[in-house]
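These notes concern the structure reproduced below.
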Amino acid sequence: MRDLTALCGRAAAGMAREIALIGLLMVVSVVGSRWVMAADFQPWQGESRRALEQQYARKPFILALWSLDCAYCAEDLRTLGAWVRQHPHVTLVTVNTDIGQATEAATFIDGLALPAHARWQFAGNDADRLRYQLDPAWYGELPRTYFYDARHQVQAISGRPAKDWLDNWGRSLP
């Protein structure tokens, strides 16, 4: 009986170590995923659009929203990236509307080989609230792009803008 009790005690101690190790790995995983979010994307929150508008005051920029699930977003981002390369005075800013998929989103956007740009991702747990705070007239259709001229007159487009439209918008910039 003592041998059985000792054996059960050792098994329980070994199990406790394994559970502690699993717990530690889970903590490292969560911290690591938060680091990935911080390293690759800035967290998009309720006031992020206003902060961008202040950051790029008197400068034209393009705010492009996308998602991993959007069938047209990759092509839209490639088009915008190529256009910005030809118009380096215009800044590209991208916002991933997926919550909690920073690693997948970083892999996706890195694969597009866009020019250097500010990268944001919806943060928190309420994408509907973030969409509404960004633009109450937007219902989540993607791609969604906001074109800011230097005076910050904004034109919002759902879907992919035509190349001719982009070129005309670029010619209208001071």
Side-chain angles (χ1 to χ4, degrees), residues 33-170 172-173:
S33 68
R34 289 183 189 270
W35 179 82
V36 167
M37 171 75 166
D40 291 329
F41 296 99
Q42 296 178 62
W44 186 273
Q45 298 168 341
E47 296 297 315
S48 296
R49 182 175 179 179
R50 192 160 309 157
L52 278 175
E53 291 169 345
Q54 290 172 354
Q55 179 181 352
Y56 296 110
R58 295 181 299 282
K59 298 176 190 171
F61 74 98
I62 299 172
L63 179 63
L65 285 76
W66 62 277
S67 170
L68 292 167
D69 297 330
C70 169
Y72 304 105
C73 287
E75 188 57 36
D76 180 58
L77 290 168
R78 282 187 194 102
T79 298
L80 293 172
W83 191 88
V84 167
R85 276 191 188 92
Q86 295 174 352
H87 303 85
H89 64 286
V90 178
T91 301
L92 177 64
V93 177
T94 62
V95 180
N96 175 17
T97 61
D98 300 308
I99 292 178
Q101 295 179 299
T103 303
E104 296 90 344
T107 300
F108 172 83
I109 199 129
D110 288 344
L112 299 177
L114 299 175
H117 66 282
R119 300 178 347 167
W120 296 71
Q121 181 173 14
F122 275 16
N125 58 7
D126 191 350
D128 289 334
R129 180 182 58 79
L130 291 171
R131 275 193 292 272
Y132 183 80
Q133 289 172 331
L134 192 149
D135 180 354
W138 176 48
Y139 295 100
E141 63 279 3
L142 292 169
R144 175 78 167 181
T145 311
Y146 298 86
F147 296 89
Y148 285 78
D149 67 14
R151 293 178 306 278
H152 279 203
Q153 295 176 6
V154 183
Q155 295 186 47
I157 294 181
S158 289
R160 295 182 293 176
K163 176 83 167 80
D164 290 344
W165 186 93
L166 275 170
D167 290 338
N168 287 334
W169 179 74
S172 74
L173 298 175

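For an aromatic pair to be called close, the ring centres must be under 6.0 Å apart, and Trp83 with Trp169 satisfies this. Aromatic ring centroids of Phe41 and Trp120 lie 6.0 Å or more apart.
A pairwise comparison of heavy atoms in Pro115 and Val84 identifies CG-CG1, 4.3 Å as the closest pair. The two residues Leu142 and Cys73 come nearest to each other via the heavy atoms CB-SG, 4.0 Å. Minimum interatomic distance between Phe61 and Val90 (heavy atoms only, all atoms of both residues): CA-CG1, 4.1 Å. Ala118 approaches Gln42 most closely through the heavy-atom pair CB-NE2, 4.2 Å. Of all heavy-atom pairs between Val154 and Arg49, the closest is CG1-NH2, 3.8 Å. The two residues Leu130 and Gly46 make their nearest non-hydrogen contact at CD2-N, 3.8 Å.
Side-chain contact check for Tyr146 and Gln155: no donor-acceptor pair (N or O, by modelled atom type) lies under 3.5 Å. No side-chain donor-acceptor contact under 3.5 Å links Asn96 and Trp44. A side-chain donor-acceptor contact under 3.5 Å links Thr94 and His117. Side-chain contact, Arg129 with Gln133: a donor N or O sits under 3.5 Å from an acceptor N or O.
In this structure, Asp98 contributes its side chain and Leu68 its backbone to a donor-acceptor pair below 3.5 Å.
For Arg119 and Asp110, the salt-bridge test passes: some basic side-chain N is under 4.0 Å from an acidic carboxylate O. Between Arg50 and Glu47 a salt bridge is recorded (basic side-chain N to carboxylate O distance below 4.0 Å).
The shortest side-chain heavy-atom distance between Tyr72 and Pro143 falls under the 4.5 Å cut-off. Taking 4.5 Å as the limit, some side-chain heavy atom of Leu52 sits within range of a side-chain heavy atom of Leu63.
Residue Arg85 holds its CZ atom at 9.5 Å from CG of Leu92, rounded to the nearest 0.5 Å. The OH atom of Tyr139 sits 11.0 Å away from the OG atom of Ser158 when rounded to the nearest 0.5 Å. Here the SG-CG distance, from Cys70 to Leu65, works out to 10.5 Å after rounding to the nearest 0.5 Å. With rounding to the nearest 0.5 Å, the separation of CD in Gln101 from CD in Gln121 is 7.5 Å. Expressed to the nearest 0.5 Å, how far CG of Leu112 lies from OG1 of Thr79 amounts to 10.5 Å. Distance CD/Glu75 to CG/Leu80: 10.0 Å, rounded to 0.5 Å.
Shown here is Phe108, whose CZ atom has more than 12 heavy atoms of other residues, nucleotides or ligands within 6.0 Å. Atom NZ of Lys59 sits in a sparse spot, with 12 or fewer heavy atoms from other residues, nucleotides or ligands closer than 6.0 Å.
Ring orientation note: the planes of His89 and His87 are nearly perpendicular, at an angle over 60° on the 30°/60° scale.
Arg144 pairs in a side-chain hydrogen bond (donor to acceptor under 3.5 Å, both in side chains) with only one of the listed residues (Thr97, Asp76, Asp135), which is Asp135.
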